[in-house]
S.K.: 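My questions all concern the structure below.
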Protein chains: 2
Amino acid sequence: MNIGQAAQASGVSAKMIRYYESIGLIPKTVRTEAGYRVYSDHDVHTLRFIRRSRDLGFSVEQIADLVSLWQDRERASKDVKAIALEHVSVLERKIRELQEMASTLKHLATNCHGDTRPHCPILEELANDEIGEGHVKPDAKFGVLGKAPARQA
Amino acid sequence: MNIGQAAQASGVSAKMIRYYESIGLIPKTVRTEAGYRVYSDHDVHTLRFIRRSRDLGFSVEQIADLVSLWQDRERASKDVKAIALEHVSVLERKIRELQEMASTLKHLATNCHGDTRPHCPILEELANDEIGEGHVKPDAKFGVLGKAPARQA
DNA sequence: TTTAGTCCTTCCAATGATGGGAAGGTCAAG
DNA sequence: CTTGACCTTCCCATCATTGGAAGGACTAAA
């Protein structure tokens, strides 16, 4: 199977498959004489595992850990659970942050007439020097909206 | 006021102030003879406006729109409201995505003993070829966890 | 057999918002 | 006149991903 077919079958783009190989998340594949990468069903299985992990928001680093645990028949399930729960807590923190932003904005928007007049509490609040110092404080480690997983069709 | 003091006073790092200037979000400042940037209280006010917008998760592009509306005394409040509500809907979509991830993971973790034995439903599910095709599908435009606003102290 | 079209290869660049750091100039206090 | 804190510009790294260019390989049809 060529990389395009493996991409199709796994839902991981060819670009990303090469990238995952380059960073060592997946091993280097066998090549044809012409240099084409060749994939087995087993490789596709691994790629799907990776894709599903991505879909759940795990970082590449975490996925590397999960893959290695997955392939280790002696693994302790607590090691897997720890990664999952750690990630859940990160997700939940992120959710709370976004919820705070959304609710603040909705509140402001509610008080804004939304007509052709210039008066706008949203801008007034953003411009208000009195607030915002000890306010929400986005998490230091993770941003608000990041760039994109975006699976292939 | 030098850039460091403006950073302190606004909560926007000096690095970011220079960056915002370079991309045209804020105008080029007056410089001293030695080339130091000089900021007024008014500039700091604008920077605070920007920081608060960032704290609410607006992109730089949206912030540019907000700043220009803010400075336009003739603006229609509906234009501001539209930006805010559009952003709210993006935030809410993001929140739903993360909630789906978190709840899936929590469910899996609940069924995982988390002991020293190798049996682990989390990995089994990630490896399951039967599911995951029409599953969650992270939004095509925005990623899961991005990099960092991280305000200066 | 040639040719068109689709696939593959590698390499480089961009994304968005931010931090890190180097190399060098400036300024105020001691 | 030195020290140290500040400023300047410039380049690099992050994270996961896409885009594209240049060129080779394969396949099907003319």
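Just so we're on the same page: letters track the sequence lines, and every chain starts at 1.
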S.K.: Whole angstrom is fine here: how far is it from CD in A:Glu33 over to P in D:dA25?
M.R.: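 Between P of D:dA25 and CD of A:Glu33: 11 Å.
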S.K.: Ignoring backbone atoms, establish whether A:Tyr19 has a side-chain N or O less than 4.0 Å from OP1 or OP2 of D:dT18.
M.R.: no
S.K.: Without decimals, in angstroms, what is the distance between A:Lys15 NZ and C:dT10 C1'?
M.R.: 9 Å
S.K.: For B:Arg37 and D:dT8, is the shortest distance between a side-chain N/O and OP1 or OP2 below 4.0 Å?
M.R.: yes
S.K.: What distance do A:Arg52 atom CZ and A:Leu47 atom CG have between them, rounded to the nearest 0.5 Å?
M.R.: 11.0 Å
S.K.: Select one nucleotide: of D:dT18, C:dT18, C:dT26, the one nearest the side-chain heavy atoms of B:Ala34.
M.R.: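 Ranking D:dT18, C:dT18, C:dT26 by closest atom to the B:Ala34 side chain puts C:dT26 first.
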S.K.: In whole Å, I'd like the distance from the CZ atom of B:Phe58 to the P atom of C:dA17.
M.R.: 13 Å
S.K.: How many whole angstroms separate atom NZ of A:Lys28 from atom P of C:dT9?
M.R.: 14 Å
S.K.: Any side-chain donor paired with an acceptor under 3.5 Å for B:Thr46 and B:Asp43?
M.R.: no
S.K.: So do B:Phe58 and B:Asp65 actually touch side chain to side chain, heavy atoms under 4.5 Å?
M.R.: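 Heavy-atom side-chain distance check fails, nothing below 4.5 Å.
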S.K.: Starting from C1' on D:dA16, measure out to CD on A:Glu21 and report it in whole angstrom.
M.R.: 17 Å
S.K.: Under 4.0 Å from OP1 or OP2 of D:dT17: is there any side-chain N or O of A:Ser13 that close?
M.R.: no
S.K.: So, taking the atom named CD1 in A:Ile95 and the one named CG in B:Leu98, what distance separates them when rounded to the nearest 0.5 Å?
M.R.: 5.0 Å
S.K.: Does the side chain of B:Gln99 come within less than 4.5 Å of A:Gln99's, by heavy atoms?
M.R.: yes
S.K.: Which nucleotide, C:dC7, D:dC7, D:dA16, lies nearest any side-chain atom of A:Tyr36?
M.R.: C:dC7
S.K.: Could you tell me the separation between the CD1 atom of A:Ile50 and the P atom of D:dA16, rounded to a whole number of Å?
M.R.: 12 Å
S.K.: Is the phosphate of D:dT9 approached by B:Arg31 (side-chain N or O, under 4.0 Å from OP1 or OP2)?
M.R.: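 Indeed, a polar side-chain atom of B:Arg31 lies that close.
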S.K.: How many Å lie between CD on A:Gln8 and C1' on C:dC8, as a whole number?
M.R.: 16 Å
S.K.: Report which part of the nucleic acid B:Ser59 touches: base, sugar-phosphate, or nothing (heavy-atom distance under 4.0 Å, all strands).
M.R.: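 B:Ser59: backbone/sugar contact only, no base atoms under 4.0 Å.
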S.K.: If you find the nucleotide of DNA chain C closest to B:Glu61 and the one closest to A:Arg18, which residue's nucleotide is nearer the 5' end?
M.R.: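 Nearest-nucleotide comparison on DNA chain C picks A:Arg18.
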S.K.: In this structure, how many angstroms lie between the C1' atom of D:dC15 and the CD1 atom of A:Ile23, rounded?
M.R.: 10 Å
S.K.: Taking the nucleotide of DNA chain C with the nearest heavy atom to each, does B:Thr32 or A:Ile3 sit closer to the 5' end?
M.R.: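 Closer to the 5' end of DNA chain C: A:Ile3.
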S.K.: Identify which nucleotide among D:dC7, D:dT18, D:dA16 has an atom closest to any side-chain atom of A:Val60, counting heavy atoms from C-beta outward.
M.R.: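 Closest nucleotide among those given: D:dA16.
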